[in-house]
Amino acid sequence: MESPRLLDALRGAGVGPGDLVGLALEAGVGVGAATAGGSWALAGAEPWAQVAAVEEELQPRWVMWSAETALVLVRAGVRVARSWDLVAVHRLLAGGWRAEPARMWAAGHGLDPDSIPSTKPADLWSSFEDEGADAEDPVRPDGHLRAEWAAGGWRETPQRLRRWAALAFDLAGIQAAGVDAIPERPMAPATARSESAAELLCAELTAEGLPVDRAVAEGIIAGFVGARPRDDAEAAARRAERDAEVLRHVAPGIEVDLRSNGQVKVLLGRLGIEVADTRAWRLREVQDRHPVVGALLAWRKAERIATTYGYGWLDEHLGDDGRLRGAWSGADGAAGRMTATAGLHSMPADLRPAVAAEAGHVFVRADLGQIEPRVLAVVSGDAALADAARQDDLYAPVAAQLGVDRATAKVAVLGAMYGQTTGRGAQALRRLDVAYPVAMGYLTAAARSAEAGHDLRTYGGRLVRMGPDAPVPAAAPEAPGAVAARGRYGRNAVIQGAAAELFKMWAVTVRARSVGLGARIVLCLHDELLVHTPEAHGEATADLVARSLDEAVHRWAAGTPVRFLADIAVIRRWSDAKGTE
DNA sequence: TGCGGCTATTG
DNA sequence: CACAATAGCCGCAG
């Protein structure tokens with residue numbers, strides 16, 4: 001048991017709730033901490049105990065270089081309420097995805113990222129630069145972080161942890177000034193705090209996982225691909241059986257690799273069925289022409305389970321404790337939605353019955369209705385659309401305004417946000433321009449700016465990079481359609497990105513308010529939350545989720561007439577929830 | 001072996 | 001089949 005010496009130091013320095021405290025820690029080495037009043041180094045094998053003591057007494061805002069620090073804490077059983085995540089805020093300020101310490105440091109100090117020193121020994125220039133310098137100083141004479149420190153050298157000694165924590169504290173101050181200095185985006189400081197908390201949530205999601213009932217999952221998988229094969233030979237036999245079920249519909253002796261779309265297309269051609277490609281919706285159109293088509297569609301579904309969501313998937317990602325784990329990221333490289341590996345965001349609906357609350361627990365499932373058009377109403381400031389967004393069903397008043405049916409109105413609104421220019425919604429789109437000129441103008445301005453290669457900022461202040469190294473056109477920039485593709489990307493990014501910001505604000509509010517109930521968010525799905533909570537607290541958690549939405553909306557868009565509605569249910573299995581709209 | 005294309009799933 | 005994501009397999013270039 002270590003004595004709470006860090007607590008004494010920070011208390012002595014006058015640290016109180018919400019004050020920034022730089023933090024760096026390494027198992028087996030110790031912990032470093034820093035504030036404006038000084039910095040401290042403490043050796044110790046389990047440095048998180050020091051952090052836990054400070055958290056309990058002082059509730060500071062911990063400055064972390066990345067969510068890796070949060071993951072170390074969570075895995076040691078330590079949860080902190082507040083953080084300033086340098087990676088999250090860097091991505092907000094600078095856009096893109098790359099956020100190594102040296103890059104963030106360079107951005108904060110106005111240094112050219114191309115001049116960041118590398119660790120390569122052949123880098124003579126950086127060796128020259130280092131001559132005569134103190135290797136214990138993490139900052140080089142030219143202002144860059146020393147490569148050896150950034151590559152992990154900061155972990156080596158308590159003294160280095162102290163310096164690393166001090167640098168984090170300094171960089172947080174620079175970033176905070178940066179988010180305060182975006183006059184046209186007053187929400188940016190709030191977004192920075194919310195995105196930081198989202199990184200804490202991601203660390204918890206990564207460490208704790210999603211409750212999955214293994215027996216139920218195996219039963220569902222067996223229904224598609226049969227019982228678990230005992231060895232490779234049996235697996236190959238099962239695979240051959242599935243293929244044979246399709247091939248029995250064609251002449252014997254025909255060799256077709258069903259996994260090769262080219263060969264499938266040739267096969268269909270020989271049967272007199274010409275298709276442009278072999279996508280499922282196209283195959284469905286010609287399903288009545290030959291029985292092999294239906295068999296092929298069923299085969300595709302089973303094949304997907306076999307290859308992606310089968311026994312191998314369970315073995316790789318489902319722990320003995322019944323938790324399915326993937327790596328969570330707080331913001332993708334584009335507009336800032338949360339992402340997760342292990343297929344957590346694209347698990348087939350067929351598998352949802354396997355996502356089951358543990359004994360003595362229930363799920364609270366909540367999903368936002370029509371979040372994107374409601375977000376459009378807020379961020380564009382369109383009074384007419386905001387008026388429509390007062391209703392439970394936004395599309396009903398829009399349809400009445402346009403003089404079209406609801407389905408057409410919905411397609412048109414979604415088309416406007418995605419950049420669709422053809423099809424059923426095209427005519428209604430022109431009516432949208434007349435009825436909601438402010439909202440449509442907002443989207444058009446984003447599209448034009450993106451087409452010209454100008455960066456965008458979301459409502460919450462996230463930079464969406466549209467320059468030469470933007471994530472979007474991977475193909476030649478002047479290829480036909482590339483300009484239009486940039487426009488669609490930018491048009492959508494300001495909506496999807498703002499929706500992601502609101503969603504995360506909701507999620508971290510639920511996280512903050514649910515501590516006393518023992519409720520835990522176990523899945524975030526862009527507009528949907530799944531919360532695992534003790535059975536006795538199901539209704540209380542549902543109320544909390546609803547109140548948290550009101551609180552988040554109030555903070556995100558104070559005074560807006562736009563309503564954000566959540567469908568909330570207390571359930572035992574994810575599949576118990578009614579289907580989405 | 002790496003990468004673009006195709007396909008499927010989710011929001 | 002518009003916007004975003006992860007993931008797997010095929011076919012081809014190096």
Side-chain angles (χ1 to χ4, degrees), chain A residues 97 224 239 256-265 275-285 296-310 312-313 316-317 326-352 355 367-373 375-376 410-426 429 443 446-447 450 458 464 471-472 474-476 481 484-500 503 523-530 574 579-581:
Chain A
W97 191 81
F224 283 94
R239 193 170 118 138
V256 180
D257 181 354
L258 298 174
R259 292 160 193 82
S260 165
N261 301 313
Q263 290 186 39
V264 168
K265 201 175 151 187
V275 285
D277 57 58
T278 69
R279 288 185 176 89
W281 67 271
R282 219 183 274 281
L283 295 184
R284 257 176 245 118
E285 286 177 350
L296 182 62
L297 286 166
W299 176 90
R300 285 253 180 92
K301 208 165 171 64
E303 186 69 5
R304 176 144 178 87
I305 297 287
T307 57
T308 307
Y309 292 102
W313 175 68
E316 192 173 347
H317 303 294
W328 286 77
S329 163
D332 59 39
R337 297 216 295 200
M338 294 170 77
T339 63
T341 62
L344 282 164
H345 281 160
S346 49
M347 193 189 307
D350 289 321
L351 282 163
R352 289 189 180 193
V355 179
D367 81 298
L368 295 172
Q370 305 171 342
I371 182 175
E372 290 191 336
V375 161
L376 172 60
K410 180 177 174 177
V411 168
V413 171
L414 293 174
M417 291 186 296
Y418 290 154
Q420 184 181 355
T421 54
T422 58
R424 187 153 72 102
L429 271 173
L443 294 169
T458 62
V464 179
V472 78
R486 275 208 304 274
R488 289 195 302 272
Y489 176 88
R491 172 188 292 268
N492 184 251
V494 292
I495 301 303
Q496 190 184 103
F503 175 80
L523 191 69
C524 293
L525 209 51
H526 311 311
D527 64 354
E528 176 176 350
L529 285 174
L530 198 62
W574 194 13
T580 52
E581 189 199 3

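The basis for the numbers below is simple: all heavy atoms, side chains too, and nothing from hydrogens, waters or symmetry mates. Within every chain, numbering begins at 1; the chains are lettered A, B, ... in the order of the sequence lines, protein sequences first and strands thereafter.
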Identify each atom pair where a protein N or O and an N or O of nucleotides 8-14 of chain C are less than 3.5 Å apart, giving names and distance.
| from | atom 1 | to | atom 2 | distance (Å) |
| --- | --- | --- | --- | --- |
| C/dG11 | OP1 | A/S260 | OG | 2.6 |

The answer to which of A/A335 and A/T341 contacts DNA chain C further toward the 5' end, by nearest nucleotide, is A/A335
Rounded to the nearest 0.5 Å, how far apart are CZ of A/R352 and CG of A/L530?
9.0 Å
With A/H345 via ring-ring contact (aromatic ring centres under 6.0 Å, His included) - residues at least two apart:
A/W328, A/H526
Rounded to whole Å, please give me the gap between CH2 in A/W97 and C1' in C/dA4.
17 Å
Whole angstrom value for the distance that separates C1' of B/dT10 from CE of A/M347:
10 Å
If I take atom CG from residue A/L283 and atom CZ from residue A/R300, how far apart are they, to the nearest 0.5 angstrom?
5.5 Å
Specify the separation, in whole Å, of atom CH2 of A/W574 and atom C1' of B/dG11.
10 Å
Taken to the nearest 0.5 Å, the spacing of A/N492 CG from A/E372 CD works out to 6.0 Å
For A/A493, report the nucleic acid contact type (base, sugar-phosphate, nothing); a contact means any heavy atom under 4.0 Å.
nothing
May I ask you to say what A/R300 touches in the nucleic acid, namely base, sugar-phosphate or nothing, with a heavy-atom cut-off under 4.0 Å?
sugar-phosphate
The side chain of A/R352 lies closest to which of these nucleotides: B/dG11, B/dT7, C/dA5?
B/dG11
What contact category does A/A349 fall into here, base, sugar-phosphate, or nothing, at under 4.0 angstrom with non-hydrogen atoms?
sugar-phosphate
For A/M417, report the nucleic acid contact type (base, sugar-phosphate, nothing); a contact means any heavy atom under 4.0 Å.
nothing
Given C/dC1, B/dT9, B/dG11, the nucleotide with the shortest approach to the side chain of A/Q496:
B/dG11
Nearest-Å distance for atom pair CZ/P, residues A/R284 and B/dT7
13 Å
State which residues pass side-chain hydrogen bond (donor to acceptor under 3.5 Å, both in side chains) with A/R282; sequence neighbours excluded, sorted by chain then number.
A/D277
Drop me the distance from A/R259's CZ to A/W299's CH2, to the nearest 0.5 angstrom.
4.5 Å
Atom CH2 of A/W97 and atom OG1 of A/T339: how far apart are they, to the nearest 0.5 Å?
8.5 Å
Want to settle it: does A/R337 or A/A280 sit nearer the 5' end of DNA chain C, counting the closest nucleotide to each?
A/A280
Distance below 4.0 Å between A/R488 side-chain N/O and C/dC3 OP1 or OP2:
yes
Using a 4.0 Å heavy-atom cut-off across all strands, classify A/G419 as base, sugar-phosphate, or nothing.
nothing
